[in-house]
There are 2 protein chains.
Amino acid sequence: MSLPHAILTALLEKPSSGLELTRRFDRSIGYFWSATHQQIYRELGKLEEAGQIRALPSPVPLRGQKKEYEVLPAGRDELTGWVLRSEDPKPIRDALLLRLRAAAVAGPRAVDAMEAELARHLAMHEAQLAEYLDMERRQFGPGRDSEADRLRHLVLRGGIELERFWTDWLTEALASLRTR
Amino acid sequence: MSLPHAILTALLEKPSSGLELTRRFDRSIGYFWSATHQQIYRELGKLEEAGQIRALPSPVPLRGQKKEYEVLPAGRDELTGWVLRSEDPKPIRDALLLRLRAAAVAGPRAVDAMEAELARHLAMHEAQLAEYLDMERRQFGPGRDSEADRLRHLVLRGGIELERFWTDWLTEALASLRTR
DNA sequence: CATAACATGTAAGCAGTTACATGATTCT
DNA sequence: AGAATCATGTAACTGCTTACATGTTATG
């Protein structure tokens, strides 16, 4: 139940239209929460109906016309309440680890295929890591150390370290598979 | 679409009943895939209907009676096919990182609450890490280096390194929050 | 014989994915 | 005028979560 809170957070940082939100979910917000435009439009509708956000006054509110949203006090309260509540970490559910374990019972042909698959994932995670490091350099250079900036930097650090976990583990796994 | 494959993998490793599977999903299988007993029973029904598994012959197949399943050739084929297919990593969706970013816009009271929350998560991840390290010591001691064992060990290493990522990042984040 | 633990299921609701629909604006 | 892009949506489906239902076996 976190997508509405992700949207409220994004809109508090900067009022946006559905498509702008979609772009932000593909970029910066993407390193801790992903969402498609279909999810976002549906959720914007619900949040507006619930009185937590509102569309900014616009001359022509028609289909195909940009519609900007901002957070209302009720939305801010809801978000604060959610942050104050405590919530346990969700158990892991990772398809790649599962497929490697499946390969162990599916036989040698499957293990060979996994080797190529691990290499493919390694390349993707290396690219993602490079992108995050670039974002860190551009967004959190010297002088950017307000309270909010420090917290946002911490979150980005999380994304970076997570990608580093993947590149490290995949490298280790590939080395192990190749010395069979 | 991976739960059926997780179940096929588990049943190939060892034919089991629904409850036994549930226990295994809470323990060893849990470090790469989680599932509740409701999910498992529903999926066992579907897999049986699809002819991928079968219930072992039993004198009384009644409600409340244990029912053991084993994988049929069709199930093994399906699993192998799934391992051979390639699949991209799913984008991240982590509620704790999101809540930290939300705290940045929700104000100082929220940030204080997050400090306690991060400490709580750190304790949980430290406990999980200790458990995995214990499993590693017991299950992959010297002499356990068959092909299948090495792959299973790699998967457990993934679980271990992932917990280590969390304990490291949470420690870093707490230190940063406390020196405000 | 009551209770706890074992064992298997059903039902409703919510969240996420995939495919499709439709209008407006800009570019060639 | 046609195509690409911008922009907002709908609908159907799949998978997961939460709450509840029900029977069996072992134990004190």
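Here the structure is a predicted model, which is why all the values come from computation and not from measurement. Letters A, B, ... mirror the listed sequences (proteins, then strands); counts begin at 1.
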Atom NZ of Lys67(A) and atom C1' of dA7(D) are separated, to the nearest Å, by 11 Å
Of the candidates dG16(C), dT8(C), dA7(D), the side chain of Leu3(A) sits closest to dG16(C)
Sequence neighbours excluded, the answer for side chain to side chain contact (heavy atoms under 4.5 Å, CB included) partners of Ser146(B) is Ala148(B), Asp149(B)
To the nearest angstrom, the CD-C1' distance between Glu49(B) and dG9(C) comes to 15 Å
- Query: Do you see a donor-acceptor pair shorter than 3.5 Å between the side chains of Arg93(A) and Ser34(B)?
  - Reply: yes
Residues at least two apart in sequence or cross-chain that pass ring-ring contact (aromatic ring centres under 6.0 Å, His included) with Tyr69(A), listed by chain then number, are none
Where the side chain of Thr80(A) meets the backbone of Arg76(A), is there a donor-acceptor pair that is under 3.5 Å apart? yes
Quick note, side-chain hydrogen bond (donor to acceptor under 3.5 Å, both in side chains) partners involving residues 152-161 of chain A, not counting sequence neighbours, are Glu136(A)-His153(A), Glu136(A)-Arg157(A), Arg157(A)-Glu161(A)
Contacts of Glu68(B) meeting side chain to side chain donor-acceptor pair (under 3.5 Å) (sequence neighbours excluded), chain-then-number -> none
Arg93(A) side chain N/O closer than 4.0 Å to the phosphate oxygens (OP1, OP2) of dT17(D)? yes
For residues 20-39 of chain B, the salt bridge (Lys or Arg N to Asp or Glu O under 4.0 Å) pairs (sequence neighbours left out) are Glu13(B)-Arg24(B), Glu20(B)-Lys66(B)
Contacts of Lys90(A) meeting side chain to side chain contact (heavy atoms under 4.5 Å, CB included) (sequence neighbours excluded), chain-then-number -> none
Judged by nearest nucleotide, the residue sitting upstream toward the 5' end of DNA chain C, Ser34(A) or Glu68(B), is Glu68(B)
Between CG of Leu56(B) and C1' of dT8(C) the distance, given in whole Å, is 16 Å
- Message: Angle between ring planes, His121(B) versus His125(B), binned at 30° and 60°: parallel, tilted or perpendicular?
- Response: tilted
Side-chain atoms of His37(B) come closest, of dG9(D), dA7(C), dG9(C), to dG9(C)
What residues 14-21 of chain A contributes to the DNA chain D interface at heavy-atom separation below 4.0 Å is Ser17(A), Gly18(A), Leu19(A)
Numerically ordered, the residues 74-85 of chain A set in heavy-atom contact under 4.0 Å with DNA chain C is none
Yes or no on salt bridge (charged side-chain N to carboxylate O under 4.0 Å, His left out) for Arg54(A) and Glu48(A), after CA distance, side-chain angles and deciding distance?
-> CA-CA 6 Å; Arg54(A) 66 160 186 178; Glu48(A) 188 175 24; over 6 Å; no
All N/O pairs under 3.5 Å across the protein-nucleotides 3-5 of chain C interface:
none

In whole angstroms, the gap separating P of dA15(C) from NZ of Lys90(B) amounts to 17 Å
### Task
Give a yes or no on whether the backbone of Thr36(B) and the side-chain of Gln39(B) come within a donor-acceptor separation of less than 3.5 Å.
yes
Separation of dC6(C) atom P from Asp26(B) atom CG, nearest Å, is 13 Å
Applying salt bridge (charged side-chain N to carboxylate O under 4.0 Å, His left out) to Glu117(A) and not counting sequence neighbours gives Arg99(A), Arg120(A)
His5(A) atom NE2 is separated from dC14(C) atom C1', nearest whole Å, by 14 Å
In this structure, CD1 of Ile160(B) is separated from OH of Tyr31(B) (nearest 0.5 Å) by 8.5 Å
Under a 4.0 Å heavy-atom cutoff, the residues of residues 38-48 of chain B touching DNA chain D are Gln38(B), Gln39(B), Arg42(B)
Here the ring pair (Phe, Tyr, Trp, His ring centres under 6.0 Å) pairs for residues 76-106 of chain B, sequence neighbours left out, are His5(B)-Trp82(B)
Lys66(B) atom NZ is separated from dA26(D) atom C1', nearest whole Å, by 14 Å
